[in-house]
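Scroll down for the structure; my scribbles are underneath it.
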Amino acid sequence: MDITAPIAAHDAVIDTLPATFHWGVATSAYQIEGAVAEDGRTASIWDTYCRVPGMVHNADHGDVACDHYHRMPEDVALIAALGVDTYRFSVAWPRVQPGGKGPVNPAGLGFYDRLVDELLGRGVDPWLTLYHWDLPQELEDAGGWPVRDTAYRFADYSMLVFDALSDRVRTWTTLNEPWCSAHLGYYEGRQAPGRQDFPASINAVHHLLLGHGLATQRMREAATLPTEFGISLNMGNATPASDSLADREAARRYDGLARRIYLDPLVYGRYPEDVLSDLAKVNIEIPVLDGDLEIIAQPLDVLGVNYYSSARYTGVDAEGYELNAYPDERVVPFGRPVTAMDWEIVPEGFTELLVKISREYPGLPMVITENGAAFDDVLDDGVVQDADRIAYFDAHLAAVARARQAGADVRGYFAWSLMDNFEWSYGYAKRFGLIHVDYDTQERTLKQSARWYRDVIRHLRAR
Ligand code: IFM
């Protein structure tokens, strides 16, 4: 087949994105690296969680994943071939600081040192995330994120990485999706460490944010070169399913616990009043000590926005009874097409979310640090015809362009993900990649969406 032919047209509004717009692809350590016991790496909560029967689809785990640890130069060549200017990756804490305490592990750190050099050598800027869910198991054994000490451990670890790589890495984000760590990890138990304790999850929220603040403060003080600091939050546009008070309250509660409980302290140094009052009603107090909120509200050079879907919420159950066990609420589907994750495809929710953030938190530069979709791809004769993923990217890039037109300061976009990888509790069953991975042979194959993305970037650069 002719791999140079254009794949599919793109929405004309995408052409309004400026020449300065950043284009990238993203991954995370545990999802791609493998090599979990090499060069001194110790276990993370995900290594443990994957071994708990029934927690991960097919009992999959990240022991080998995409074998990126051994194939890194080849993967960086693929990144460069896509024409992106930036690559977002995360550092595995238990690789760099085994056990989560003590000195740096030079062998583990060496991997990221080589990765950064390889990227720069190919003209791709590294964008580093310090924490994408792989807490060292020893720190979970000591209480995990619900415990205050973990925030200080995170800041110490961050400095080990910063000292080694800040001469070459210009953008540092602390946490990826703290809602997943706190809510899915400690309340719903659908992610590592798999606890189901709502008060503990609220403690985790605060200590994740405190860790962000402590680390950002120390890194910024230590920086000798122009460096940007930020955090990535996953958010959707939560709306009420109807105009009833119960539904409006359900949407408010969801938005409070999933979005504003992070953004308000980060930007304004305070937790939202309505969230505090919801929590007080169930006798939960956020464990704030004097000075914490000032530490959390470090200036943000960039807010990373991870967007996949939006939902509308109702405050009544299927029988019509009010849901009053906080924080319960129920999603009412829009009836839209869904991805392989069963997530509804709602690109206009993306525009609305970005515009809403820009109004509620003015002056906050945003970069889309994740957006993408899993579909049931078929590799046929060396080709993955993923028209559904192309349509998803097209609609969501157009949504970003529309948000910019409406005043949202969005400066870049990372497609999730560079390649198929370990999709957490879904194991390897869900494929988000621009690049197909054959997990038996580790062969990489560019999907049609990768070519489409490359062509869009090329087209916009050529203007
Ligand atoms: O794969 C994940 C990623 O690790 C965090 N954000 C959402 C993605 C898709 O579920």
Side-chain angles (χ1 to χ4, degrees), residues 24-34 44-47 49-50 55-58 60-62 65-66 68 87-93 127-135 173-185 188 190-193 208 230-237 258-259 262 303-311 338-346 349-350 353 366-377 386 388-389 392-393 396 413-437 439 447 449:
V25 284
T27 62
S28 88
Y30 190 71
Q31 292 181 273
I32 64 166
E33 285 178 3
S44 78
I45 52 175
W46 272 96
D47 297 277
Y49 186 76
C50 288
M55 287 308 178
V56 175
H57 171 82
N58 195 39
D60 288 343
H61 48 69
C66 305
H68 173 71
Y87 173 54
R88 173 177 179 252
F89 63 94
S90 80
V91 172
W93 187 347
W127 173 304
L128 189 150
T129 298
L130 284 157
Y131 183 73
H132 198 124
W133 308 353
D134 39 5
L135 186 71
T173 37
T174 52
L175 310 173
N176 180 70
E177 304 183 354
W179 177 83
C180 294
S181 300
H183 195 86
L184 299 181
E188 293 193 19
R190 287 197 284 134
Q191 293 201 347
L208 283 155
I231 185 168
S232 287
L233 304 180
N234 56 312
M235 294 175 280
N237 189 43
R259 186 178 74 94
Y262 298 98
L303 172 69
V305 176
N306 294 2
Y307 179 88
Y308 289 89
S309 183
S310 284
V338 295
T339 67
M341 301 293 284
D342 250 343
W343 296 344
E344 288 191 281
I345 301 174
V346 192
F350 199 7
L353 171 73
M366 291 181 272
V367 164
I368 310 308
T369 40
E370 285 183 26
N371 176 239
F375 288 104
D376 295 325
D377 299 323
D386 55 342
D388 34 19
R389 185 173 289 103
Y392 182 98
F393 279 127
H396 287 77
Y413 178 96
F414 289 85
W416 183 269
S417 179
L418 167 66
M419 56 186 159
D420 296 336
N421 57 49
F422 176 73
E423 179 53 26
W424 308 111
S425 48
Y426 298 85
Y428 296 97
K430 306 293 175 192
R431 294 178 175 271
F432 273 91
L434 288 168
I435 295 174
H436 179 275
V437 176
Y439 295 112
K447 301 179 191 175
S449 57

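Computed from a predicted structure; not experimentally measured. Throughout, numbering of the chain's residues begins at 1 and tracks the sequence. Just so you know, ligand 1 is whichever comes first in the structure, and atom 1 is the first atom listed for that ligand.
- Residue His132 places a heavy atom less than 4.0 Å from ligand 1.
- Salt bridge present: Asp420 and Lys447 bring a charged side-chain N and a carboxylate O closer than 4.0 Å.
- Distances between N or O atoms of Ser28 and those of ligand 1 include no value under 3.5 Å.
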**OP:** Apply side-chain contact (heavy atoms from CB on, under 4.5 Å) to the pair Glu423 and Phe432, showing each step before the final yes or no.
**Re:** CA-CA 8 Å; Glu423 179 53 26; Phe432 273 91; 3.5 Å; yes
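- In this structure, the side chain of Ser417 engages the main chain of Ala26 through a donor-acceptor pair within 3.5 Å.
- Glu370 has a carboxylate O that lies under 4.0 Å from a charged side-chain N of Arg88, or vice versa, which qualifies the two as a salt bridge.
- Close N/O approach between Glu423 and ligand 1 is found [any backbone or side-chain N/O within under 3.5 Å].
- Taking the six-membered ring where the residue is Trp, the centroids of Phe89 and Trp127 are separated by 6.0 Å or more.
- Some N or O of Glu370 is nearer than 3.5 Å to an N or O of ligand 1, by distance alone.
- Using a non-hydrogen distance threshold of 4.0 Å, Trp424 registers as a contact of ligand 1.
- A salt bridge between Arg389 and Asp377 is present, with a side-chain N of the basic residue lying under 4.0 Å from a carboxylate O of the acidic one.
- Aromatic ring pairs are classed by plane angle as parallel below 30°, tilted from 30° to 60° and perpendicular above 60°; the pair His132 and Trp424 is parallel.
- Short contacts between ligand 1 and Tyr308, defined as distances under 4.0 Å to a heavy atom of the residue, involve ligand atoms 6 (N), 7 (C), 8 (C), 9 (C).
- In terms of polar-atom proximity, Glu177 is counted as a contact of ligand 1, with an N or O under 3.5 Å from an N or O of the ligand.
- Contact annotation for Trp343 and ligand 1: only side-chain heavy atoms (C-beta onward) come within less than 4.0 Å of the ligand.
- By the 3.5 Å distance cut-off applied to N or O atoms, Gln31 is counted among the residues near ligand 1.
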